[in-house]
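These notes concern the structure reproduced below.
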Amino acid sequence: MSRMPGTDAAAARGWLAAHKWLLARRVSQLGILTLFLLGPWVGLWIVKGNLNFSYTLNFLPLTDPYVLLQSLAAQRIPATRALTGAGIVLAFYLLVSGRVYCSWVCPLNMVTDAAAWLRTRLGIKGGAQISRRARYWILAMTLVLAGVTGTIAWELVNPVSMLHRGLIFGVGAAWAVVLAVFLLDLFVMKNGWCGHLCPVGAFYGLLGHVSPLRVSAVQRSQCNDCMDCFEVCPEPQVIRPALKAVGGASPVILAANCTNCGRCIDVCSKQVFAFGLGRGERQKPAPEVVAGVVPAGKS
Amino acid sequence: MAAESEVKADVARRRFLVDAARTACGVALLGLGLGLYARQARALPPAAIRPPGAGAEKDFLGACIRCGLCVRDCPYKILELAKPEEPVATGTPFFVARRLACEMCEDIPCVKACPTGALDQKLTDINNARMGLAVLVDHETCLNYLGLRCDVCYRVCPLIDKAITLEPQVNERTGRHTLFIPTVHSDKCTGCGKCERGCPLEVAAIKVFPVQMAKGELGRHYRLGWVEKEKAGKSLIEEQGIIELPKRMPEAPLPPDAPSSAPLGKPFVPHALQGDRL
């Protein structure tokens, strides 16, 4: 068994403080799922539908803009309600950073987090090398495919919507797809699905370029190089510019692929990180670190 | 020194290009597989029926975002979302008439619930829905064809005497009874599936099929004499009298002493028509 990141933080600040954001995220993920499940399970219809489109209290439409974009690529013009819902969701994620969807909403995140935890726990190292840019290629591919086939082809295999829809409408064989993602992340590559392949995350990542809500390495001078944040972060390449002031970068993590999960805040025994508003002083614009490159000795 | 950094840049460029090519190839392969699968998934199995207002399958699969609101708002819980292992595009709504048929709600809540218009909002009268078309496929097992008065498909049809009528026919087996043949009229049938669901056989003799599978199509040049007559108000050929058609004979070498026209007494009947009641 390997030493788990966050051990020092738990010793320094107590277990609860060292898991604050993790717990908050689980409450958010499970809470949203519960809202969806209250209808089919106990007949309390607060939210109808699933993450692709939901209707809250027969009033608030929320549409996954990515699935709607595929529909547009398939040359279908959606009706007003779906477009309104997509507008609301787009506005929200432009504000809080797109990949908040990944770490605070997506149900598959709990599966991949579990795989990452177990991977660290069992000390599994190495595995397949795929560029973190692969997800953008896959994103483009799904849009091209929608255009070519005239259908929302990615939804045939999308593990994210398959899991969420499965939990609400009946799982069927979707569990096998979810298991495949778990095993991929556990044995084949670290953060394989969410960090390298998932086009849903890639799409939401594109919405993260302007949002003011960011994690910032405000106390970066306190950093003792324990590497726990790199170890626990699902997108470790986003940390280095802010933490190590690469090219005079501001302490704010500006990379759009930061999921605002707050695990780095949790696991740091020196309380280097904190959530903040604003995008920091424009010293030199922080160059995005080439995908996959993390400090030596870490994978 | 300059040369060294140039080499380094060269190596970096090379690596970048190779990495990009590798990723592109991998993703292209994935896309090819998914594309072929998507083509397969466009074929809806005949037993699966889309909700009212769904239109052509290809259009539907481009517009439906798999949210399941139609399923939720169906008061009779008839619709379901396809699971990955089912032969219907994952996450799309359908029903199987033999299990549960559409109740044809007057307010069509499933269509109203659809946020994208994949179910056409212009459908406001459920009688105009064309979810499929019922076909009495099996004449050998249909009880009415066997001479019984089963009539179940006719009785359960929400458009009784319009979408399904009973057409009397002589029962030639007994010579003195009448067969009441359930007959579907495609201009009225909504494809709700009540007839298929109600058929008392082990396997239904009447089934709902996708319209394009169930319907034939006349050549465009065909004219129905009786329709044309009605339109014109008179027969179009009466004044022409009966047209004399040339006699056509099989082209076989004739024996030298044979008469040049057909043998008298026995009119020629093409083989394909022999035994048919004409």
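Just so you know, these numbers use all the heavy atoms, side chains as well, and skip hydrogens, waters and symmetry mates.
In terms of non-hydrogen atom pairs under 4.5 Å with chain B, the most contact-rich of A:Gly166, A:Pro40, A:Gly39 is A:Pro40. Most heavy-atom pairs under 4.5 Å with chain A, from the set B:Leu30, B:Leu34, B:Val71: that is B:Leu34.
Heavy atoms of B:Ala113 lying under 4.5 Å from chain A belong exclusively to its backbone. Using a 4.5 Å cut-off between heavy atoms, A:Ala82 contacts chain B through both its backbone and its side chain. The parts of B:Arg66 that come within reach of chain A are both its backbone and its side chain, each placing non-hydrogen atoms under 4.5 angstrom from that chain. For chain A, the nearby part of B:Leu81 is the side chain; its heavy atoms alone come within less than 4.5 Å. Residue contact with chain B, scored on non-hydrogen atoms closer than 4.5 Å, involves the side chain of A:Leu145 exclusively. Heavy-atom distances place the side chain of B:Ala41, and not its backbone, under 4.5 Å from chain A. Of the atoms belonging to A:Leu83, not a single heavy atom falls under 4.5 Å from chain B. No part of A:Ala146 comes within reach of chain B, as not one of its non-hydrogen atoms sits under 4.5 angstrom from that chain. A:Trp154 touches chain B through backbone and side chain together, each having a heavy atom under 4.5 Å away. Looking at A:Thr63, the atoms closer than 4.5 Å to chain B (heavy atoms on both sides) all sit in the side chain, from C-beta outward. Of the atoms belonging to B:Cys70, not a single heavy atom falls under 4.5 Å from chain A. If you measure heavy-atom distances from A:Val177 to chain B, you find no contacts under 4.5 Å at all. For chain B, the nearby parts of A:Arg81 are the backbone and the side chain; heavy atoms of each come within less than 4.5 Å.
For the residue pair B:Pro84 and A:Met162, the shortest heavy atom distance occurs at CG-SD, 3.7 Å. Of all non-hydrogen atoms in B:Ala38 and A:Thr149, the two that sit nearest each other are CB-CG2, 4.1 Å. In terms of heavy atoms, B:Leu69 sits closest to A:Phe53 at CD1-CE2, 3.0 Å. Scanning all heavy atoms of the two residues, the minimum distance from A:Gly172 to B:Lys83 falls at CA-CD, 3.4 Å. When every heavy atom of A:Ser71 is checked against every heavy atom of B:Ala63, the shortest pair comes out as OG-CA, 3.8 Å. Here the shortest heavy-atom pairing between B:Thr90 and A:Leu156 reads OG1-O, 3.1 Å.
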Would B:Thr92 and A:Glu155 count as a side chain to side chain contact (heavy atoms under 4.5 Å, CB included) if you check the C-alpha gap in whole Å, the side-chain angles of each, and the deciding distance to 0.1 Å? CA-CA 10 Å; B:Thr92 56; A:Glu155 278 304 294; over 6 Å; no

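A 4.5 Å side-chain heavy-atom check between A:Tyr55 and B:Arg72 finds every atom pair outside the cut-off. Within the 4.5 Å cutoff, the side chain of B:Thr23 has heavy atoms near those of the A:Ser131 side chain.
Rounded to the nearest 0.5 Å, atoms CZ (A:Arg76) and CD1 (B:Ile65) are 14.5 Å apart. To the nearest 0.5 Å, the span separating CD on A:Gln75 from CG on B:Asp59 amounts to 10.0 Å. Rounded to the nearest 0.5 Å, atoms CD1 (A:Ile168) and SG (B:Cys67) are 11.0 Å apart.
Within a 6.0 Å radius of CD in B:Glu103, more than 12 heavy atoms belonging to other residues, nucleotides or ligands are found. The 12-atom threshold is not exceeded at NZ of B:Lys215, counting heavy atoms of other residues, nucleotides or ligands nearer than 6.0 Å. With a 6.0 Å radius and a threshold of 12 heavy atoms from other residues, nucleotides or ligands, A:Trp175 has its CH2 atom at or below the threshold. In this structure, B:Glu85 places its CD atom where more than 12 heavy-atom neighbours from other residues, nucleotides or ligands lie under 6.0 Å away.
Counting only distance, with no hydrogens or angles, the side chain of B:Thr116 and the backbone of A:Ala79 share no donor-acceptor pair below 3.5 Å.
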